[in-house]
Structure formats: C-alpha cells, structure tokens
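Written below as structure tokens is the structure these notes are about.
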Amino acid sequence: MADIEIRAVRKSYGKNPILHGIDLAFASGEFVVILGPSGCGKSTLLRMIAGLEEITGGEIAINRRVVNRLEPRERGCAMVFQNYALYPHMTVAGNIGYALKVAGVPKAERLRRIEETAKIVGLFDYLDRKPAALSGGQRQRVAMARAIIREPSVFLFDEPLSNLDAKLRVTMRAEIRKLHQRLSATSVFVTHDQVEAMTLADKLVVMNKGVVEQVGQPLDIYHRPASIFVASFIGAPAMNLFDADIDLDGACLAFAGAKLLIDRALAAQLGAGTVTVGIRPEQCIVAPDAKGGVAMKVDFVEELGSGRVIHLELNGHPFAACVDEQTRVRPGDWISLVMPLAQLHVFDQKTGRRIEVDLDPRAVRGPAGQPALVTV
Ligand SMILES: Nc1ncnc2c1ncn2[C@@H]1O[C@H](COP(=O)(O)OP(=O)(O)OP(=O)(O)O)[C@@H](O)[C@H]1O
Ligand SMILES: [Mg+2]
C-alpha cells in the first residue's frame, strides 16, 4: 500500500509544454481513474509516476518519499500497458514469472508464485501456452498477472482494456475492480472512456489540455461538474448546453429565439449578461403536448432497448432527452420539453467554470407542478 502525492508537476517535450502544473493526492488503497480526451497528457503523467518519463518541474512522492530521481524499479510500481507488451517467444508461465527470474528468485519459489498468481487471474490451465494462442482477454490477464506477481504497492494501468471488444471490456472491468478489492494496492487507471471511469473510480480525475479540471467521487462530478468541459465530457448522451442571455426585467433566459422563464431571485443571482446553461438529457421531462414546457420538434429517435433518446430541435439548436419505452414519438412530432430548474447547471461563459446558484423553491412551476423552465 502506498499513497502518492503529485505537487506542481510540469512536463515539456523540448519547448512544448504538455502538463501545466498538476497537484493531486491519492490515498493508500484508493482506485484512482484519470479521464480525459486523447492527447491531454494522461499517459505522460502515469509514466512520470512510474519513472519512465523525466519530470520537468515539481515533485512526485510515493509513501512520502520523493521519487523524482529514483529508477522505475525502485519505486514499487507495476504498470499494465494498452498493448500488453508480452514476450511472444515465452509461455504464459515464462511471461508471468519473468520479473522474478530477473530478480534471482529461486526456481521452486518462482513456480509456486507463478501458479498462485495464475489462479488469481484464471489462467492456471494456460501456463504452457504462448501468447499467440491466447484470446485478447487472456493476454490482458497475463499482463495483469505479470504486474501482480511483483506485489507492487502501486498499480498503474494505461488504457488496459481499449483493445478488447465491448463485452470483454465490461467483464475485465469487473475483474480489475474485484482484484483491486482483494489486493488493495493503490491503483491509478488511465482511460478516455467515461463509462469505464465512472464505474471503476473511487476518485476520478478529469484532465483536459494538460490541466486537472476536476477531482472528486464519480457521482459528485456527475451531479456538480465544475466546468463546461467536465459537463460535456461526463455523461452519455452528453449534457445539453446552450448559451442564454439573462433578461433581468422579465426574469427570463433568452435562448434560440425562445424566452424561458426563471424566477426573479435566480435572475438576480446571475446578473445581466450571457451564461452557459446545461441540463442532462436524463433529467428532461417530455410532455405529450406543447403546453407548459418548451415546444421542440423531434428530429430523430435512437432506440436503446431499455429506453430511447429523443433528438430534438429548437430553432436549429439540437437538444436530447431520454424517455422510457412507453413514450412513443416520431420524427416531425412536436413535444413539450420540461427542464426542471433544480437540474440546471449554470456556467460562466468566459471562464467556463460553474456558477453556484440557489434556487427558490417557489420558482416558476412546470406542468407537473415542479419548478421548471417554461417558455414565456
Ligand atoms: N516523446 C514525446 N515527444 C514529444 N511529444 C510527446 C511525446 N510523448 C507525448 N507527446 C505529446 O504530449 C501530449 C500528451 O500525450 P499523452 O500520450 O500523455 O496523451 P494521452 O492523454 O495519453 O492521450 P491518448 O488518450 O491518446 O493516449 C500529446 O500532445 C503528445 O503528442
Ligand atoms: Mg495515452
């Protein structure tokens, strides 16, 4: 077990700054997921923890010991890579036990530990096979076993599931989580898949363009995204986001030719100007007729089996709403979209950061009696 501290860490390649001052603290035994779009610097950060990449500025400490100058093997980390990096000429047993062989562990003990580790990942019957004769998921497990056998205090995973098919990804995700519970080493897992991130993380770190946008528990981030970037990156289908002008006199948000009524207290809190407003498709309510909510035209419908996503249009602006199987609509239909006020996210348009607002419980009422955005 180990805790990790990352203090003001920067990275440049030549003159190109890649990471712009990262501050993070991971507790011992925590499962941390680093999520962000391609190129934002996730792998670079992970490789700096592992010692595979030089640190340009700042400090990384593992168990309160600064590791900036330590060799990778002195850091107590084991890394699992996206492409598994197995030795093709060695058997599964050879691959799993390679680090122990290099470390000079006697053969009998080595074999015992190889068998024990192979059992943990369900590969005991495959010890004599070569990697070429394994499925993608089995190869992935060899890579995991190779990390586990070293009994590291920190596991570092760089998109280990991205080469697997959708079904296997889900299975392996559950296995990695179970394994973590069993071994309770600190795990840092990098991915650009937000579902993977939400389901695996105790602590989620959302990165964008070399900076940390938000750190927190997955559900907290889902419910209170700190920025427009996080709001749009977390959640599927993506949050509806629109720029709205605040009309203080009428207590309205003007958006796409529609005027949406908000309560006076909320308008006063926001002040005059333009804000970015967001609401998740799963929080919108689709009413059958155009009374009460905001009238929108159905563009197309996506069937998900368990429900459907309705893609809507308001004067050329796209909107999405999730509905259950019972709600039947067709392209071209007009529906009324109710956006409960309590579910609105408001962001500063210039900084992109969240604005905390206090909603008056006596605010404007939608058709079902709940405070909601309705057209004036
Ligand atoms: N050795 C290198 N030399 C120069 N630039 C590099 C090097 N390695 C990475 N970069 C650049 O650093 C940035 C961050 O790369 P990194 O691999 O950390 O991204 P990532 O978040 O892991 O992306 P992905 O999800 O695609 O794996 C990218 O713009 C990349 O081009
Ligand atoms: Mg990467």
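Indexing begins at 1, ligand by ligand and atom by atom, following the structure's order.
- Distances from atom 2 (C) of ligand 1 to the protein include at least one heavy-atom value under 4.0 Å.
- For atom 20 (P) of ligand 1, the protein comes within 4.0 Å by at least one heavy atom.
- Less than 4.0 angstrom separates some heavy atom of T44 from each of these atoms of ligand 1: 14 (C), 15 (O), 16 (P), 18 (O).
- Heavy atoms from other residues, nucleotides or ligands lying under 6.0 Å from CD of E54 number 12 at most.
- Salt bridge R169/E196: present, at least one basic N to carboxylate O contact under 4.0 Å.
- Atom 17 (O) of ligand 1 has its closest protein heavy atom at S43 CB, 3.7 Å.
- Of the protein's heavy atoms, G39 O, 3.5 Å lies nearest to atom 14 (C) of ligand 1.
- In this structure, G41 is part of the shell of residues with a heavy atom less than 4.0 angstrom from ligand 1.
- Summarising the local packing, CZ of R224 is surrounded by 12 or fewer heavy atoms from other residues, nucleotides or ligands at distances under 6.0 Å.
- With a 4.0 Å heavy-atom cut-off, ligand 1 is reached by the side chain of I18 but not by its N, CA, C or O.
- Checking T44 against the Mg ion (ligand 2), every N/O/S atom stays at or beyond the 2.8 Å cut-off.
- A distance below 6.0 Å separates the ring centres of F319 and F242.
- What sits closest to atom 25 (O) of ligand 1 on the protein, heavy atoms only, is K42 NZ, 2.8 Å.
- Where the criterion is an N or O separation shorter than 3.5 Å, residue side chain and backbone included, C40 meets it with respect to ligand 1.
- Considering only non-hydrogen protein atoms, atom 26 (O) of ligand 1 sits nearest to S38 OG, 2.5 Å.
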>> Go through it in stages, so that I can follow the logic: the residues are F26 and V154, the test is side-chain contact (heavy atoms from CB on, under 4.5 Å), and I'd like the CA-CA distance, side-chain angles, deciding distance and then a yes or no.
In response: CA-CA 11 Å; F26 306 150; V154 177; over 6 Å; no

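- Taking the six-membered ring for Trp and the full ring otherwise, the centers of H317 and F255 sit less than 6.0 Å from each other.
- Side-chain contact check for S187 and H180: at least one donor-acceptor pair (N or O, by modelled atom type) lies under 3.5 Å.
- Residues D3 and S28 bring no donor and acceptor atom of their side chains to less than 3.5 Å of each other.
- Proximity of E159 to ligand 1 is established by a heavy-atom distance of less than 4.0 Å.
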>> Under the criterion side-chain contact (heavy atoms from CB on, under 4.5 Å), I'd like the reasoning laid out for I55 against R10: C-alpha separation, chi angles, the key distance, then a yes or no.
In response: CA-CA 7 Å; I55 300 168; R10 288 182 295 106; over 6 Å; no

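- Nearest protein heavy-atom contact of atom 5 (N) of ligand 1 is Y13 CD1, 3.3 Å.
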